[in-house]
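First up is the structure itself, then whatever we jot down about it.
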Amino acid sequence: MNKKILSSLMVGTMIAAMAATSVSAEEGYGKLLFLQTHNNNSFMSYMGETFVELAEEAGFDVTHLTADSDEGTQLSQIEQAVASGEYVGVICDCTGEGVTQGFKEAKEAGMFVETLHEGVEDNTYVDVVVACSLAETGHTAINLEVEELGEEFNLAIVNGSEGHGATVAIRKGYDQALEEHPGINVVFDGAGNWNAEDAMALTESWFSSGTQIDGIVCMNDGMATGVRQVMKDNGVLGQIPIYSNDCEIDTLAAIEAGEQRGSFDMNAEAQCKAAIDSMISLIKGEEITEKEIYVDPLLVTIDNLEEYRSTHSGNY
């Protein structure tokens with residue numbers, strides 16, 4: 001895995017003019033709103049806990065809210081924070097483009113705005129974007145399939161929901177790898193909608209068709225759970241390499257059992273640290289030269305599974 005993709009865009013002269021170099025962690029950086037789309041899986045829970053811990057250690061008073069994946073709820077959370085006048089900034093794992101109206105209101109109120117993990121297309125009112133390179137996970141997953149299966153094989157792709165930001169990003173990585181390895185034959189390509197049930201229904205039809213499937217890539221562990229059940233039902237569990245994203249507990253157990261080759265962790269700690277460090281720079285009025293920060297994902301396989309578990313104990 002190769003890159004931190006960084007842009008050299010500045011956040012604007014207004015921020016630079018707001019220099020407050022006397023601000024320090026000992027004095028506290030003020031009240032910070034941290035919003036998550038949800039926290040109903042182990043990765044998101046881990047990210048939430050990690051962010052709050054690191055931000056408080058850095059000197060922030062953190063309000064941590066989740067929106068149960070509801071765009072209207074998250075927009076309301078931002079608007080309430082703006083109305084309170086208590087917050088220096090908001091760091092948001094976004095539910096959708098609708099939150100950009102909240103970002104506009106936050107900026108007009110003098111708050112700093114960052115996106116974390118899941119962003120938006122319109123970054124007009126966003127000071128810094130922090131995320132994991134989802135495209136890198138897709139690109140690497142197919143390259144790992146090539147390493148095991150060779151340059152010519154039949155591949156099945158289980159996407160997330162159509163049009164979803166993460167689906168688009170991971171798909172870019174898949175498509176890049178497919179261009180680089182023209183001998184791969186994509187025999188099936190469909191949407192599992194991020195859940196095990198839809199992924200099971202989708203792949204049951206694929207396996208019942210009799211078409212040979214040599215490898216599978218899957219955009220998240222939830223869907224991979226359903227795919228593995230179908231593989232088990234067809235007597236090929238562990239024989240066909242499969243990679244997915246999120247490093248959920250069940251998937252880690254599957255990796256240990258030889259039922260799945262690997263999963264990608266979105267490197268929550270690196271994402272959180274980058275967002276917090278950037279927010280501190282904004283508050284201090286320091287020049288921001290890295291408006292878009294993409295951290296490398298962590299690939300977990302049988303080779304580093306125990307090391308990974310030891311550093312993510314209690315959450316994974």
- Short side-chain to backbone donor-acceptor contact, D93 and L35, under 3.5 Å: no
- Note on the structure: CD1 (I170) and CG (N220) are apart, to the nearest 0.5 Å, by 8.0 Å
- Would you say the side-chain atoms of T167 pair up with the backbone N or O of S161, donor to acceptor, closer than 3.5 Å? yes
- Query: Side chain of S263, backbone of V300: donor and acceptor closer than 3.5 Å?
  - Reply: no
- Query: Can you tell me if Q36 uses its side chain to pair, donor with acceptor, with the backbone of M44 under 3.5 Å?
  - Reply: yes
- Query: Looking just at side-chain N and O atoms, do N143 and E147 make a donor-acceptor pair shorter than 3.5 Å?
  - Reply: no
- For the side chain of D221 and the backbone of E248, is there at least one donor-acceptor N/O pair under 3.5 Å apart? yes
- Query: Is Y174 close to V186 at the side-chain level, that is, under 4.5 Å between some pair of heavy atoms?
  - Reply: no
- Query: Hey, are S278 and E114 close enough side-chain-wise for a donor-acceptor pair under 3.5 Å?
  - Reply: no
- Message: What I'd like to find out is whether the side chain of Y308 reaches to under 4.5 Å of the side chain of L252, using heavy atoms alone.
- Response: yes
- Item | From CA spacing to verdict: salt bridge (charged side-chain N to carboxylate O under 4.0 Å, His left out), K273, E269 | CA-CA 6 Å; K273 188 176 186 306; E269 184 173 356; over 6 Å; no
- Query: N195 side chain to E197 main-chain N or O, any donor-acceptor pair under 3.5 Å?
  - Reply: yes
- Query: Are any non-hydrogen side-chain atoms of L298 and N304 less than 4.5 angstrom apart?
  - Reply: no
- Task: Give the minimum heavy-atom separation between C218 and V227, together with the two atoms involved.
- Result: SG-CG2, 4.3 Å
- Message: For the backbone of V126 and the side chain of N123, can you confirm whether one donor and one acceptor N or O come within less than 3.5 Å of each other?
- Response: no
- Steps toward side chain to side chain contact (heavy atoms under 4.5 Å, CB included) verdict (Q239, M231): CA-CA 9 Å; Q239 299 175 28; M231 293 167 69; over 6 Å; no
- Do T63 and Y87 have side-chain heavy atoms sitting under 4.5 Å apart? yes
- Could you go through the salt bridge (charged side-chain N to carboxylate O under 4.0 Å, His left out) check for E256 and R309 one step at a time? CA-CA 11 Å; E256 184 175 30; R309 279 174 165 165; 3.2 Å; yes
- Could you state the interatomic distance from CG (D296) to CD (Q271), rounded to the nearest 0.5 Å? 11.0 Å
- State yes or no: do V187 and I240 share one hydrophobic cluster built from I, L, V, M, F, W and Y residues joined by side-chain heavy-atom distances below 4.5 Å, directly or via other members? yes
- Please confirm whether the backbone N or O of D127 pairs with a side-chain atom of K107, one donor and one acceptor, at under 3.5 Å? no
- Query: Do you reckon V168 sits in the same ILVMFWY cluster as W194, going by side-chain contacts under 4.5 Å, direct or chained?
  - Reply: no
- Message: Closer than 3.5 angstrom, by distance alone: can the side chain of E290 be matched with the main-chain N or O of E292 as a donor-acceptor pair?
- Response: no
- Query: Hey, is CD on E162 packed in by over 12 heavy atoms from elsewhere, all under 6.0 Å?
  - Reply: no
- Got L202 and M223 here, is their nearest side-chain heavy-atom distance under 4.5 Å? no
- Query: If every non-hydrogen atom of I78 is compared with every non-hydrogen atom of G102, which pair is closest and at what distance?
  - Reply: CG2-O, 3.5 Å
- Query: Is the CD atom of E306 crowded by more than 12 outside heavy atoms at less than 6.0 Å?
  - Reply: yes
- Query: Looking at F51 versus H117, is the centre-to-centre ring distance below 6.0 Å?
  - Reply: no
- Task: Classify the side-chain pair T311/E307 by whether it contains a donor and acceptor separated by less than 3.5 Å.
- Result: no
- Taken to the nearest 0.5 Å, the spacing of E136 CD from M266 CE works out to 10.5 Å
- Please tell me if the side chains of I213 and N154 come closer than 4.5 Å, counting only heavy atoms from C-beta onward. no
- Message: Testing L32, V130, V113 one by one against M279 for a side chain to side chain contact (heavy atoms under 4.5 Å, CB included), which residue passes?
- Response: L32
- Is the F34 ring parallel, tilted or perpendicular to the H64 ring (thresholds 30°, 60°)? parallel
- Check whether any side-chain heavy atom of T73 lies under 4.5 Å from a side-chain heavy atom of D68, and answer yes or no. no
- Message: Is there a path of hydrophobic side-chain contacts, each under 4.5 Å between heavy atoms of I/L/V/M/F/W/Y residues, joining I91 to L75?
- Response: no
- Decide yes or no on side chain to side chain contact (heavy atoms under 4.5 Å, CB included) for F188 and S209, but give the supporting numbers first. CA-CA 11 Å; F188 296 109; S209 73; 3.3 Å; yes
- Message: Restricting to non-hydrogen atoms, name the atom on T225 and the atom on A196 that form the minimum distance, rounded to 0.1 Å.
- Response: CB-CB, 4.5 Å
- Decide side chain to side chain contact (heavy atoms under 4.5 Å, CB included) for R261 and E145; before the verdict, give the C-alpha distance in whole Å, the side-chain angles of both, and the deciding distance to 0.1 Å. CA-CA 9 Å; R261 297 296 191 270; E145 299 268 2; over 6 Å; no
- Looking only at heavy atoms, which two atoms of S244 and T251 are closest? And how far apart? OG-CG2, 4.2 Å
- Could you give the distance from CD1 (I276) to OH (Y29), rounded to the nearest 0.5 Å? 11.5 Å
- Item | Pair K104 + D122: basic N to acidic O under 4.0 Å | no
- Query: Is the closest side-chain donor-acceptor distance between E71 and T95 under 3.5 Å?
  - Reply: no
- Message: Walk me through whether F60 and I283 qualify under side chain to side chain contact (heavy atoms under 4.5 Å, CB included).
- Response: CA-CA 11 Å; F60 286 101; I283 291 169; 3.5 Å; yes
- Point-to-point distance, once rounded to the nearest 0.5 Å, from OG1 of T140 to CD of Q176: 9.5 Å
- Query: Are the side chain of Q77 and the backbone N or O of T66 linked by a donor-acceptor pair below 3.5 Å?
  - Reply: yes
- Item | Non-hydrogen atoms of C94 and F103 that approach each other most closely | SG-CZ, 3.8 Å
- Hey, is CD on E152 packed in by over 12 heavy atoms from elsewhere, all under 6.0 Å? no
- Taking C-beta and beyond as the side chain, do V146 and F153 meet within less than 4.5 Å on heavy atoms? yes
- Message: How close do A191 and G160 get, counting heavy atoms only, and between which atoms?
- Response: CB-O, 3.3 Å
- Item | CD on Q80 to CD on E86, rounded to 0.5 Å | 11.5 Å
